[in-house]
2 protein chains.
Amino acid sequence: MDSEDEKTISVRDSKKTALRNKLLTTFYQEGTKSIPDLSDSLQLSIPTITRFLEELAHAGYIIEEGEGFSSGGRRPVLYGLNPNAKFVISVDIGRFIIRIALVNLRNQFIAPVRIINEGLSSQSDILQLIKQESEDLIKQSGISNDKILGAGISLPGLIDIKTGISYSYFTAVGKPLHELFKEIFPFPVFVEHDTKAMALAELSFGLAKGKQNVLCLVLGAGVGLSMIMAGKLYKGNSGFAGEFGHIPVADNGQLCYCGKVGCLETVASGVTLIQNARNGIASGASSKITDLTNNNPEKISLDIIIKAAALGDQYAIALLSRTGESLGKGIATLLHLFNPEMIILGGELSKAGNHITDPIKQTLNQHAIARILRDTELVTTELGENATLMGTVALVINNFFTKGADFPKL
Amino acid sequence: MDSEDEKTISVRDSKKTALRNKLLTTFYQEGTKSIPDLSDSLQLSIPTITRFLEELAHAGYIIEEGEGFSSGGRRPVLYGLNPNAKFVISVDIGRFIIRIALVNLRNQFIAPVRIINEGLSSQSDILQLIKQESEDLIKQSGISNDKILGAGISLPGLIDIKTGISYSYFTAVGKPLHELFKEIFPFPVFVEHDTKAMALAELSFGLAKGKQNVLCLVLGAGVGLSMIMAGKLYKGNSGFAGEFGHIPVADNGQLCYCGKVGCLETVASGVTLIQNARNGIASGASSKITDLTNNNPEKISLDIIIKAAALGDQYAIALLSRTGESLGKGIATLLHLFNPEMIILGGELSKAGNHITDPIKQTLNQHAIARILRDTELVTTELGENATLMGTVALVINNFFTKGADFPKL
DNA sequence: GTAACTTTATAAAAAAAATTAATAAGTCGG
DNA sequence: CCGACTTATTAATTTTTTTTATAAAGTTAC
């Protein structure tokens, strides 16, 4: 009897919850909507939508948001998410820097992003640092813990989604990452690979919004790739998909830090680019890079090389061109395999603009089947340095609104 | 008023139809099911399921199929698709051979497969040939046209899914393929790329059944690839995804028929393998291939080389090994990008068994990150020569049962 | 500026759909 | 052969959704 009851209630609930979640997701992803809009798109009558919206409004999740347009009749009331109904804390953990943000349901930063100049390469206990800084941020914003939907955390390295274990960091503890972070946060924790978080940001707020098949490249120290396929982030069987930096490209190439020989990263990464610059200048190449670094090869960075190229420095331009060509050959492979509608270039190297995109395009013309190449737009990200943070916010909110079987009361 | 009525009816219908289609799809993909089974999996009460099943049984789509097992209680009645409720005609168009089959809802061939020794390379009007042979097949089987759900057609080449136009065959007419075939078939027509049809077969009946992320390689004259991602066939923006044969691999390679230089197919395809064999033997290599072909280099084929290797011929084994190594390097790229749970090798070359899989595995050990490699099973297809035919059958039936807004009465 | 037409909103009535409950029927194990 | 258990069927009940009617708020054309 009891179990029968429970089952039925859960079925009933699950259907109601499904609709509630669909409404919340729609509001989150598309902003404001009117009742007739929703009636059309969800294939339900106006009174039904009204009933559910009333419930959500009563719970504090949605609010009226002015009037919409009409083609000749009474104007509809627009509804939208109450931005301050819930909040998300987002943590972007890098090798040398950690960023922490507190964001509302309209993806707005509640306070300035906290930046910690420590990271995965530090010797200090960064978990405690993150805990302290987060608590402080929340406290200062005057938001109570029960208003926080969850924490979204991103970090680099190989992360096994089946076990949640990172093979690159926090390996000593041998615990799944979400358990590790659960210990420092009193609310649900969601962990994502940093490059994949960036792709989520592009999908939710960036150039990939509304698109189905998009590749997101992150050109930084290494070469990262995330794939959006059929409108969703593709992770692979264990979450390792997108190891573009380690596909074999050079026949008798250099040894890569991954242990293999001839990986793409050995010819097309930021690290290699900087190494090439240092070697070249040491061998006597004349370049503005020398001035910009006060003749100190240690100071050569991607930023410096890009700056030199922007100043018209031929050597810097040639360096970028060489990297672009290597990348282009790799991207040609992606193009043939994925036939994407768009490829988004991100990461520090993408700031080089035409100095990196032109050699890529040039190489693609050589190495890609024209019919497929013509099908794909190559663009540079328009999201700033907080892209990764925003990606994990979308992760947390979407997870909550789509899966959230237990609908949280305000 | 009228339009309101229509809208409501269509909404009502669409919900009922959705459930009906889900039931039919479940039966098609999983065979027989009992009412309590369905009640559990569809989250609906037993009387509700009973009602819909009665309706479907009345329409002739499903029949009782004996009793199931019980853990101590009344045995459930099993229901399943009525195999002869509807039929599908499937046409596999190759370069030199055309296969036509008539299949029922249980994927059983109603009559022997018709084989026409003409194909896309022929000068004759193969559309008329297909029309005649199909009509004859249907007539001989004594099935009326209205019992045929549709025709599934597969062919090679680049097919643009946005326009339906093939860039490789029937280019003179400039018409979408489905329109071309609609003219010779009096029922709905579904067209699919041959390699992708094969992957559909693996997904529906083969080793990929129930799996999420699988790569299907077709090693024949060329190198074909189809990807199953998140349990669905991935086609790319215009249907060109999977052009694995034309990714750039050789730095200063040979000219490929696609116009580019250094494509994978120039080093790892069946055509290249045969060429290598001919060149080697012409240069004096001693091999059983010479005997098997009566010293006629024209007669060297994949089949012959595989046969020679099976007889222990060292030269043939070395040839296959070389091809396997080239393939392995390409597959390493796939592995890093997709992190699949399984890679299925198909096509004529896969019949070489260990002579081709061992060198592939050997190369993967060299070129793939161990953690990712360990995650993937490399297997050989268990489907026979009718795989492509079966794939298009699944395409037609699934399309009908999932999309089919207009539920066909028997 | 007003009449005619549209679109949106709300409440009560009606219809539809699904579930519950009661009952019956068939099975298994001891 | 009896009791526990699963499945099946029917009617009654509940839940959910839609209709219908009415009102409110705008737009457009004359």
Side-chain angles (χ1 to χ4, degrees), chain A residues 1-23 32-58 62-80 407, chain B residues 1-23 32-58 62-80 407:
Chain A
M1 269 285 241
D2 268 1
S3 68
E4 285 272 63
D5 269 11
E6 273 166 34
K7 185 201 158 192
T8 322
I9 288 168
S10 87
V11 169
R12 286 243 140 85
D13 264 16
S14 82
K15 282 180 184 173
K16 278 193 188 177
T17 304
L19 181 51
R20 271 193 293 246
N21 289 336
K22 204 162 194 176
L23 285 167
T32 55
K33 286 273 167 185
S34 71
I35 292 177
D37 277 353
L38 295 165
S39 172
D40 273 5
S41 65
L42 300 180
Q43 295 273 75
L44 289 164
S45 70
I46 286 175
T48 304
I49 299 292
T50 308
R51 185 157 41 87
F52 275 86
L53 250 46
E54 263 168 8
E55 189 194 308
L56 287 174
H58 188 77
I62 64 167
I63 53 175
E64 290 192 13
E65 197 75 11
E67 285 180 339
F69 280 100
S70 165
S71 59
R74 178 171 171 176
R75 293 197 198 128
V77 174
L78 292 178
Y79 295 85
F407 182 68
Chain B
M1 267 285 240
D2 269 359
S3 69
E4 286 271 64
D5 269 11
E6 273 167 33
K7 185 201 158 191
T8 323
I9 288 169
S10 89
V11 169
R12 284 244 142 84
D13 263 17
S14 83
K15 282 179 183 174
K16 278 192 187 178
T17 305
L19 180 52
R20 271 192 294 245
N21 288 337
K22 203 162 195 175
L23 286 167
T32 56
K33 286 273 169 186
S34 71
I35 292 178
D37 279 352
L38 294 165
S39 172
D40 274 4
S41 65
L42 300 180
Q43 296 273 75
L44 289 165
S45 69
I46 286 174
T48 304
I49 299 293
T50 308
R51 186 158 39 88
F52 275 86
L53 249 46
E54 264 168 8
E55 188 193 309
L56 288 174
H58 190 76
I62 64 166
I63 53 174
E64 290 192 13
E65 196 75 10
E67 286 179 337
F69 279 100
S70 164
S71 59
R74 179 171 170 176
R75 292 197 199 127
V77 174
L78 293 178
Y79 295 85
F407 182 68

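The sequence lines fix the lettering, A, B, ..., with proteins before strands; numbering per chain opens at 1.
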Taken to the nearest whole Å, CG/L44(B) to P/dT16(D) is 14 Å

Walking DNA chain C from its 5' end, the first of P47(B) and P76(A) to be reached, judged by nearest nucleotide, is P76(A)

Just by modelled atom types, is the V77(A) backbone N or O under 3.5 Å from a matching donor or acceptor in the S34(A) side chain?
no

task: Under 4.0 Å between any heavy atoms, over every strand shown, what does I35(A) touch: base, sugar-phosphate, or nothing? Just pick one.
output: sugar-phosphate

**Asked** Given dT18(D), is OP1 or OP2 found less than 4.0 Å from the side-chain N or O atoms of T48(A)?
**Response** yes

Rounded to whole Å, the CG-C1' distance (D40(A) to dT7(C)) equals 12 Å

What pairs of nitrogen or oxygen atoms, one from the protein and one from nucleotides 26-30 of chain D, lie under 3.5 Å apart?
unit_1  : atom_1 : unit_2 : atom_2 : d
dG26(D) : OP1    : E67(A) : OE2    : 3.4
dG26(D) : O4'    : G73(A) : O      : 3.2
dT27(D) : OP1    : R75(A) : NE     : 3.4
dT27(D) : OP1    : R75(A) : NH2    : 3.1

L19(A) atom CG is separated from dT15(D) atom C1', nearest whole Å, by 15 Å

side-chain contact (heavy atoms from CB on, under 4.5 Å) filter on R51(A), not counting sequence neighbours, yields T48(A)

Is there a donor-acceptor pair closer than 3.5 Å between any side-chain N or O of T32(A) and the backbone N or O of L78(A)?
no

- Answer whether the closest heavy-atom distance between the side chains of L23(B) and L42(B) falls below 4.5 Å. yes

Separation of dA8(D) atom P from R51(B) atom CZ, nearest Å, is 17 Å

Task: Y79(A) side chain near E64(A) side chain, heavy-atom distance below 4.5 Å - done: yes

To the nearest angstrom, the CZ-P distance between F69(B) and dC5(D) comes to 21 Å

message = When you measure from the side chain of N21(A) to the backbone of T17(A), do you find a donor-acceptor pair of N or O atoms at a distance under 3.5 Å?
response = yes

L38(B) CG to dA18(C) P, in whole Å, measures 15 Å

Taken to the nearest whole Å, CG/L78(B) to P/dT6(D) is 17 Å

Sorted by chain and residue number, the side-chain contact (heavy atoms from CB on, under 4.5 Å) partners of E54(B) (sequence neighbours excluded) come out as T50(B)

note: F52(B), atom CZ; dA18(C), atom P; distance rounded to Å ~ 5 Å

